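Just so you know, ligand 1 is whichever comes first in the structure, and atom 1 is the first atom listed for that ligand. Predicted, not measured: the structure shown is a model, and the values here were computed from it. All residue numbers refer to positions in the sequence shown, counting from 1.
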Amino acid sequence: MSRLMVGVSGVRGEIAKTLTPEVAVAFGSAFGTMLGAGKSVVVGRDSRPSGSMVRNAVTSGLAACGVDVIHLGVVSTPGVALMTRHLQADGGIVLTASHNPLEWNGIKFLRPNGLGLGAQQAEQLKTMWESGNFAYVGATQCGGESANTQTHAIHIQAVLDIVKAKDIARRGFKVVLDSINGAGCTATAELMERLGCEFVHLNGEPTGLFAHTPEPIAENLGALCEAVRQHNADIGFAQDPDADRLAMVDETGAFVGEEYTLAVCAAYVLSQQSAGGGSIATNLSTSRMIDDIAAAAGARVFRTPVGEVNVAERMLEAGCVFAGEGNGGVIDPRVVPVRDSLVGIALVLAHMTETGEPFSESIAKLPRYELMKTKFPCSAGAAGKLVGAVKKHFAGRRGVRLDDRDGLRVDLPSGWVHIRASNTEPIIRIFAEGRSRADAQALVADVRSVADAAAG
Ligand code: MG
């Protein structure tokens, strides 16, 4: 049985089951109450067929609290973040369930700078929603509605400004793009044209009728791999439904692990720093490739607890030149301080322009690691005990560094392992990385044996 998921990144549920019009009105009202009458909010949505229903309900709640709503229409998540900042709104709302299937939708709340709410604000919003005690205004003070259709144009220009677009266009890359009939369809097609690409667009109509399981991971991208081979393309790209994540397929039609999106983009951005140095922010579960790439460029890496907001906040605080997550989410603060697949596409093509080599060769030159991602059932209570036992197991060993800001990350000379309890399910996730698959497997086995002993 699915349930309404209320977390730091907003609320998600299944349409007509847990995410009903009533729930959407209540969350619009809670956010409107938090902001107060006279404020403004931009609202954009991904392409799901339920998008209009959720938008109308959320808008109703906001307007009832005296908040003006600026509708952006069907746009990407980074597009909403960018417009929230650009229009100097007091907040933003994205209606999307990201990579969840079509039956789902969600409401994500943004701060004026485009970042998602921090943990404290998210908790405040949840409490407000639970209380049902909303600050509705009188008849003459209800919020109004307006529309803004500039998101794609402004977003595309901001992305073009970070690369040498003419140099990329001169290469005339052949690209296959899978936009999963999501929010990225329109803007990304235009970006491709502006970058002079000859492109084949798979699932390029923003109908929200997802042609395959939406998460951009290897098992869902067989058709893209096939199309890259069939069309003799230079590269293939896949977006998720709200276009904040990006996966890649090389010119041979081989899926390139999602960890490589950040690695390639960061390597390119660091190579463009005239003064050298700079710094990168990423989470504790991201591949060590980024540390090697940064070290080679004389740059520093800041690790944060998992969660896009944590990474983005650190990026802004530390003045990082780039940031991102190993799930294919890259963040360039020059465009927008959230994950953006359009940024990823432009930077990868810029990298290919600069190297002039087939993409598979660029990938082969990157530091090589094997990252294993696994999980097992564990109650929230047992998770704390388990983390403690693993900490004890590794503490005091030679060359070992422990980081317990988010579960536990153990760095060893030969690799690392990160264990953390899920916020939404009674499971523990284990990420382990080594020079070989056997190294990574050995780390996972080590943690599992400690877990079994702790469970007694
Ligand atoms: Mg997404």
Side-chain angles (χ1 to χ4, degrees), residues 5 7-14 19 43-48 50-51 54 72 74-84 92-110 114-117 122 151 155 159 177-188 191 203 206 208-221 224 237-248 258-259 261-262 265 282-283 285-286 306-312 323-332 335-345 373 423-424:
M5 306 204 313
V8 173
S9 52
V11 53
R12 276 189 206 181
E14 270 191 87
L19 183 49
V43 176
R45 67 176 184 93
D46 75 13
S47 56
R48 283 162 214 268
S50 62
V54 181
L72 304 178
V74 175
V75 296
S76 65
T77 289
V80 179
L82 185 144
M83 291 302 277
T84 301
I93 291 182
V94 198
L95 305 175
T96 180
S98 191
H99 60 270
N100 286 51
L102 155 73
E103 291 75 18
W104 291 71
N105 213 330
I107 311 169
K108 183 173 178 172
F109 303 89
L110 308 180
L115 258 63
L117 301 184
T151 309
H155 188 191
V159 173
L177 168 68
D178 181 350
S179 295
I180 183 83
N181 301 121
C185 289
T186 309
T188 318
L191 178 68
N203 310 313
L209 303 173
F210 306 140
H212 54 77
T213 307
E215 188 164 24
I217 52 177
E219 65 201 71
N220 301 327
L221 298 176
L224 174 64
F237 291 117
Q239 297 170 297
D240 74 335
D242 64 324
D244 60 353
R245 282 170 61 186
L246 181 74
M248 310 177 297
E258 59 264 35
E259 293 286 330
T261 310
L262 174 62
C265 293
T282 191
N283 68 34
S285 277
T286 295
V306 171
E308 180 186 17
V309 168
N310 298 322
V311 175
E325 300 173 337
N327 62 4
V330 298
I331 307 177
D332 192 314
V335 177
V336 62
V338 302
R339 298 175 303 199
D340 186 346
S341 65
L342 278 75
V343 161
I345 288 172
K373 302 179 180 183
N423 293 324
T424 50

| What protein N/O/S atoms lie closer than 2.8 Å to the Mg ion (ligand 1)? |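 As for protein N, O or S atoms lying under 2.8 Å from the Mg ion (ligand 1), they are Ser98 OG, Asp240 OD2, Asp242 OD1, Asp244 OD1.
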Backbone of [Y] reached by a side-chain donor or acceptor of [X] within 3.5 Å:
X      : Y      : result
Thr261 : Leu246 : yes
Asn220 : Glu215 : yes
Ser47  : Asn181 : yes

| query | Pick from Arg339, Glu258, Arg245, Glu259: which one makes a side-chain contact (heavy atoms from CB on, under 4.5 Å) with Glu325? | reply |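 Of the listed options, the one satisfying the test is Arg339.
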| message | Given Val343, which partner from the list Asp244, Leu191, Asp332 fulfils the side-chain contact (heavy atoms from CB on, under 4.5 Å) test? | response | Asp332
| request: Calculate, to the nearest 0.5 Å, the distance between atoms CG and CD1 belonging to Asp46 and Ile180 respectively. | output: 11.0 Å
